[in-house]
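Here, residue 1 is the first one in the sequence, and each next residue gets the next number.
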Amino acid sequence: SLAYDTLVTLVELAKQGRTVVATVHQPRSQVFGLFDQLTLLNKGKCVFQGAAADVTEHFGSLGFPCPPEFNPADFILDLVVESKAESTGA
């Protein structure tokens with residue numbers, strides 16, 4: 001996919017010593033697996049910052065375990081993004 005190919009190129013640039021900052025919306029698990037560091041924001045506030053490999057363990061320690069065989073990116077998105085029903089009290 002184009003997103004995966006683009007991220008592979010950015011990873012190569014990072015390995016050459018360049019700083020890469022990217023925003024990726026709803027990455028597939030294959031793309032998510034390329035991330036080294038991750039900063040998650042919700043309503044402008046940082047809810048996680050650290051190694052991408054540690055994010056599911058972090059949320060698990062807070063009582064939100066990621067189900068086995070589940071795309072961590074989808075899991076995180078479900079946790080971090082407030083649904084319309086929750087925000088309206090429905």
Side-chain angles (χ1 to χ4, degrees):
S1 77
L2 181 58
Y4 180 81
D5 293 340
T6 301
L7 218 34
V8 167
T9 300
L10 293 174
V11 167
E12 290 301 320
L13 290 171
K15 287 180 180 178
Q16 295 171 12
R18 297 186 186 214
T19 300
V20 175
V21 177
T23 300
V24 181
H25 180 68
Q26 294 181 312
R28 296 173 51 179
S29 57
Q30 181 182 28
V31 170
F32 185 82
L34 294 173
F35 298 158
D36 292 325
Q37 296 292 313
L38 189 62
T39 300
L40 297 175
L41 302 174
N42 183 2
K43 296 182 181 182
K45 296 188 180 191
C46 183
V47 295
F48 176 82
Q49 185 172 19
D54 296 340
V55 70
T56 54
E57 182 179 328
H58 168 73
F59 284 112
S61 73
L62 297 175
F64 303 101
C66 182
E69 306 300 320
F70 203 84
N71 176 355
D74 288 340
F75 170 72
I76 295 162
L77 187 64
D78 289 345
L79 281 178
V80 174
V81 176
E82 183 177 56
S83 74
K84 274 191 171 182
E86 292 170 339
S87 64
T88 60

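- How far CG of D54 is from CD of Q49: 12.5 Å, rounded to the nearest 0.5 Å.
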Would L7 and F35 count as a side chain to side chain contact (heavy atoms under 4.5 Å, CB included) here? Give the steps.
CA-CA 9 Å; L7 218 34; F35 298 158; 3.2 Å; yes
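- Nearest approach of S29 to N71, heavy atoms of both residues: N-ND2, 3.4 Å.
- The CZ atom of F32 lies 4.0 Å from the CD1 atom of I76; values are rounded to the nearest 0.5 Å.
- Using cut-offs of 30° and 60° on the angle between ring planes, the pair F70 and F75 is perpendicular.
- Of all heavy-atom pairs spanning C66 and P72, the tightest one is SG-CA, 4.4 Å.
- Summarising the local packing, CZ of F64 is surrounded by 12 or fewer heavy atoms from other residues, nucleotides or ligands at distances under 6.0 Å.
- The minimum heavy-atom distance linking P27 with A73 is given by the pair O-CB, 3.3 Å.
- With a 4.5 Å cut-off on side-chain heavy atoms, F59 and L40 count as touching.
- Shortest non-hydrogen contact noted between T39 and C46 is CG2-SG, 4.3 Å.
- Under the 4.5 Å side-chain heavy-atom criterion for grouping Ile, Leu, Val, Met, Phe, Trp and Tyr, L41 is not connected to L77 through any hydrophobic cluster.
- Side-chain contact between Q16 and L13 is present, with heavy atoms from C-beta onward closer than 4.5 Å.
- The hydrophobic clustering, which links ILVMFWY residues whose side-chain heavy atoms are closer than 4.5 Å, places L62 and V55 together.
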